[in-house]
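Below: the structure, in structure tokens.
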Amino acid sequence: MGSSKIKIFVFGKDKTNWSIDKDRKAVVFFLRENGFIITSNVFEATHIFCVWYDLLFNFKYRWLNYFKNIFNKKLITVITNDITFTPDKVNFLKKFVDICIAPSEKIFNFLRERGIKAYKIPFFIDPQLFKPLKLSKQKICEKLGIDYKKIENKLVIGSFQRDSLGKNLKKPKWQKNPDLLISILEKLPREVYILLLAGPRRHYIVNRCEEKKIPYMFYGNDAYIKRWEDDIYINNLSPSIINLLYNLSDVYIVTSKSEGGPKQVLESSLTKTLIFSTKVSLAPDILHPYLLFEENEVQLLIEKIKKFFDLPASFDKYIEFNFQKTQNEMKLETLKEKYKRVILDA
């Protein structure tokens, strides 16, 4: 079947211009770059592309699984989180899905070992949006409206991901494991660093910082946090602002237990922000091994952070390693070809 005869119905969105919406935009871009037609009419589509595989388990969309078999449609889906924690979903996917797209080697191998046809394609982070800036911290603070004195001579530790449950903002998302971040920060000398928080649903970690007297600042409208109200539409920041925040940060720390990404690994690498991460999903695919840690290796991580504070230049080689690896993974022509192979092989 030629590209011009392939029509693809793409579905899946979170309506907040957050992670899933950005994934959808990237998928549509690469499919169109290959000459495939994107249609809003599922009946005329030859392929159905679900950008968020959890939707296939939602009763609201269950009809699609049967619809594709009855009308001989090809169904492709992206595994957006760590399916290794929910292996019961595998048999369902084997029955209905033609191809799964895995964002990491770990998830790719897990699917292949269980007889599911899979391709490995990382999440797309645009290097034109996330990049190192030739600006001083003082200038970045001016652009963001941050009082430079709050971070002056401090190690700025960034954290820009949701860590509170949407249904109960007082509870943490176990996948993000924010208590591990708190545990790490408690062991660092409080006078040398400040935690820079941003993004929606940071209620849990903000309140833990208050309880533990951890030095932090929240970039955004914290009135919703104080009232325990959802700020998903209020503190959802643009990529340009997030890019400035990465460039203001000296270190980013990922403490997650379960992820599809995390995309912060790619974003930090593209902005040349030093990042330490648990060995979660795609982190080992991208980051230098020296920057990976286990949950029981907190003290070793602390020593590395202190070393960075004293000798930042000694980490340049790791930062450059991450940058080059991510730049290579985000090449448009490479990703375009990968999406083409998925569609033609379905």
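Treat the numbers as computed from the prediction; the structure is a model and nothing was measured.
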**Q.** Partners passing side-chain hydrogen bond (donor to acceptor under 3.5 Å, both in side chains) against Tyr339 (at least two apart in sequence or in another chain)
**A.** none
Q: Decide, yes or no, whether a salt bridge links Arg208 with Asp163 under the criterion of side-chain N to carboxylate O below 4.0 Å.
A: no
Q.
Are Tyr246 and Tyr252 an aromatic pair, judged by ring center distance below 6.0 Å?
A. yes
Q. Would Glu191 and Lys154 pass as an ion pair if we require N to O under 4.0 Å?
A. no
Q: May I ask you to check whether Thr273 and Ser268 show a side-chain donor-acceptor distance below 3.5 Å?
A: no
Q. Can you name the residues that form a side chain to side chain contact (heavy atoms under 4.5 Å, CB included) with Asp147, not counting sequence neighbours?
A. Lys149, Lys150
Q: Measure the spacing between CD of Gln161 and CD1 of Ile205 and express it to the nearest 0.5 Å.
A: 8.0 Å
(Q) Looking at Phe29, I'd like to know if the NZ or CZ of Arg32 sits under 6.0 Å from its six-membered ring centre while staying within 45 degrees of the ring's axis. (A) no
Q) Would Glu295 and Lys257 pass as an ion pair if we require N to O under 4.0 Å? A) yes
Q. With sequence neighbours left out, what residues match Gln299 under side chain to side chain contact (heavy atoms under 4.5 Å, CB included)?
A. Lys187, Ile302, Glu303
(Q) Strictly below 4.0 Å, N to O, side chains only: are Lys306 and Asp310 in salt-bridge contact? (A) no
Q.
Name the residue from Leu196, Leu197, Ile241 that meets the side-chain contact (heavy atoms from CB on, under 4.5 Å) definition with Phe160.
A. Leu196
Q.
Would you say NZ of Lys213 has more than 12 non-hydrogen atoms from neighbouring residues, nucleotides or ligands within 6.0 angstrom?
A. no
Q. Tell me the ring-ring contact (aromatic ring centres under 6.0 Å, His included) pairs involving residues 166-199, sequence neighbours left out?
A. Phe85-Trp174
Q. How are the rings of Tyr290 and Phe315 set to each other: parallel, tilted or perpendicular (split at 30° and 60°)?
A. tilted
Q: Would you indicate whether Lys279, at its atom NZ, is surrounded by more than 12 heavy atoms from other residues, nucleotides or ligands within a distance under 6.0 Å?
A: yes
Q) Do Phe11 and Tyr61 have ring centres separated by under 6.0 Å? A) yes
Q: Answer yes if the ring centres of Phe57 and Phe92 are under 6.0 angstrom apart, and no otherwise.
A: yes
**Q.** Atom NZ of Lys139 with >12 non-hydrogen neighbours under 6.0 angstrom
**A.** no
(Q) Apply side chain to side chain donor-acceptor pair (under 3.5 Å) to residues Lys106 and Asn109 and explain how you reach the verdict. (A) CA-CA 5 Å; Lys106 174 186 176 182; Asn109 290 334; over 6 Å; no
Q.
Between Asp231 and Arg201, does any side-chain N to carboxylate O distance fall below 4.0 Å?
A. no
**Q.** Pairs satisfying salt bridge (charged side-chain N to carboxylate O under 4.0 Å, His left out), at least one member in residues 53-67, at least two apart
**A.** Asp54-Lys89
Q) Leu165: which other cluster members, linking ILVMFWY side chains closer than 4.5 Å, directly or transitively? A) none
Q.
Can you confirm whether the side chains of Ser159 and Arg202 place a donor and an acceptor under 3.5 Å from each other?
A. yes
Q) Is a side-chain donor-acceptor pair under 3.5 Å present for Thr84 with Asp82? A) yes
Q | Nearest-0.5 Å distance, CD of residue Glu229 to OH of residue Tyr224 | A | 7.0 Å
Q | Ser256/Glu259 under side chain to side chain donor-acceptor pair (under 3.5 Å): CA gap, chis, key distance, verdict | A | CA-CA 7 Å; Ser256 300; Glu259 291 272 6; 2.7 Å; yes
(Q) Can a donor-acceptor pair be found, under 3.5 Å and without considering hydrogens, that links the side chain of Lys73 to the backbone of Ala45? (A) yes
**Q.** Donor on one side chain, acceptor on other, Gln138 and Glu142, under 3.5 Å
**A.** no
Q.
Just by distance, no angles: are the side chains of Asp345 and Tyr119 close enough, under 3.5 Å, to form a donor-acceptor pair?
A. yes
Q) Between the side chains of Ser19 and Lys263, is a donor N or O closer than 3.5 angstrom to an acceptor N or O? A) yes
